[in-house]
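Everything on this sheet refers to the single structure shown next.
Computation of the quantities below employed the complete heavy-atom set of this structure, encompassing side-chain atoms and omitting hydrogens, waters and symmetry-equivalent molecules. Just so it is clear, the structure is predicted and the values come from calculations on it, not from any experiment. Residue numbers begin at 1 in each chain, while the letters A, B, ... track the order of the sequences.
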Number of protein chains: 2
Amino acid sequence: MTADNINMLLKTFNLRLTECRKDVIGVFMEQHHAVSQPDLELLLNHYDRVTLYRTLTTFLNKGIIHKVLDDTGLTKYALCSGHCTEHHHADEHVHFKCVKCENTICIDTVSVPAITLPDGFTYLDASLLVRGICKICQTKYNHSPAI
Amino acid sequence: MTADNINMLLKTFNLRLTECRKDVIGVFMEQHHAVSQPDLELLLNHYDRVTLYRTLTTFLNKGIIHKVLDDTGLTKYALCSGHCTEHHHADEHVHFKCVKCENTICIDTVSVPAITLPDGFTYLDASLLVRGICKICQTKYNHSPAI
DNA sequence: TTGTTATTTGCAACTTTGTTGCAAAAGGCG
DNA sequence: CGCCTTTTGCAACAAAGTTGCAAATAACAA
Ligand SMILES: [Mn+2]
Ligand SMILES: [Mn+2]
Ligand SMILES: [Zn+2]
Ligand SMILES: [Zn+2]
């Protein structure tokens, strides 16, 4: 059933159904947080680095995935939720990076608030990265014994 | 007079007044946009790459500069405006990246709006990068002849 | 099922950026 | 000046990104 979804997705974007592409989309669907190229290389180590690199580039151009900013200079990626096109990414939601587990997740339920720029500036889009402690790490922390 | 400011700044943070550090702060003060390490290497090419790298690290730790996220995976830096300390950066303003000239500037007059996270998430800080067309490029664009 | 063609992949090679150890150079201070 | 600590430059390496090209493979139609 998930395999069907993946094939459908690739066909929608006029992409050939290759093993690598299917596996990469599989990773994005399984993982509940944004994935970097190095992450992908570890998870799918039977594919060449360059192939994964080009797969990400293709998916990015088509609007299948979007960039997720990170404070380490490492670019992460996540599946686009709505229907983004080659020319415009429509997902203006908040990204949350946990300082404990280092995972970054898309918070689809919280959208980027409207920003009023000074005169003379034209708004195109925005990326908002919130740092803090995630639900899971919060729970762990609360349950740990007092020092 | 600017030289005095620079010396003062370094002394405030208990740092030795070296040529490299003074030049790096000079670059940050002159430039009206965020600067990456490669930018710095071009502007101050008589210093070793590693020295510039370590200077940025030192300034970042002390709270003299702050990171400016970029959508290319390249980290940029800018002077801290308020008084940031080693342990907390207090500049929660919007960063604006122009898609024409590729410059990123700090917009100190616009602060990052408050974000309400879902239950279980703890907020620490946030980075907001707005992309669009800057004041200068906007003017150029408007004055160019119609196609 | 097989052949044809355009696309995709893997490999090699290279560039750029980030990072560390160590000895020489330079800053702060009496 | 002279001492001591910090900073710098060099060498060397690690990690990430990028390109060209030939071999492999997906799509499609005979
Ligand atoms: Mn997202
Ligand atoms: Mn700033
Ligand atoms: Zn976490
Ligand atoms: Zn501009």
Checklist outcome for this item: When rounded to the nearest 0.5 Å, the distance separating OG of B:Ser127 from CG of A:Leu128 is 8.0 Å
Next on the checklist: Is it the case that over 12 heavy atoms from other parts of the model lie below 6.0 angstrom from the CE atom of A:Met29?
Outcome noted: yes
Checklist entry - Which angle, rounded to 10°, do you find between the first-five-pair axis and the last-five-pair axis of the helix from C:dT1-D:dA30 to C:dG30-D:dC1? => result 30°
Checklist entry - Using a cut-off of less than 4.0 Å, is there contact between a side-chain N or O of B:Tyr53 and OP1 or OP2 of C:dT19? => result yes
Checklist entry - Taking C-beta and beyond as the side chain, do A:Leu10 and A:Arg16 meet within less than 4.5 Å on heavy atoms? => result no
Next on the checklist: Once you apply a heavy-atom cut-off of 4.0 Å, does A:Gln37 come out as touching a base, just sugar-phosphate, or nothing?
Outcome noted: sugar-phosphate
Item to check | Closest to side chain of B:Arg54, choosing from C:dT8, C:dG21, C:dG28 | outcome: C:dG21
Checklist outcome for this item: From the candidates C:dT20, C:dG28, D:dT19, the one with an atom nearest any side-chain atom of B:Leu17 is C:dG28
Checklist outcome for this item: Numerically ordered, the residues 22-29 of chain B set in heavy-atom contact under 4.0 Å with DNA chain C is none
Checklist entry - Do B:His95 and B:Val110 have side chains that get closer than 4.5 Å, going by heavy atoms? => result no
Checklist entry - What nucleic acid atoms does B:Arg21 come within less than 4.0 Å of, heavy atoms only: base, sugar-phosphate, or nothing? => result sugar-phosphate
Checklist entry - Hey, are the side chains of B:Asp70 and B:Thr75 touching, using non-hydrogen atoms and a 4.5 Å cut-off? => result no
Checklist entry - Mind checking whether A:His93 and A:His66 have parallel, tilted or perpendicular rings, split at 30° and 60°? => result perpendicular
Checklist entry - Are any of B:Thr18's side-chain N or O atoms less than 4.0 Å away from OP1 or OP2 of D:dT7? => result no
Checklist entry - Of the candidate nucleotides D:dC10, D:dT6, C:dG10, which contains the atom at the shortest distance from the side chain of B:Val50? => result D:dC10
Item to check | Along DNA chain D (nearest heavy atom to each residue), the more 5'-positioned of A:Leu74 and B:Tyr47 | outcome: B:Tyr47
Checklist entry - Is A:Arg49 side chain donor-acceptor paired with the C:dG10 base, going by distance under 3.5 Å alone? => result no
Item to check | Step-by-step ring pair (Phe, Tyr, Trp, His ring centres under 6.0 Å) determination, B:Tyr77 to B:Phe28 | outcome: CA-CA 8 Å; B:Tyr77 306 89; B:Phe28 278 114; 7.1 Å; no
Checklist outcome for this item: Between A:Val50 and A:Asp48, the two heavy atoms sitting closest are N-OD2, 2.9 Å
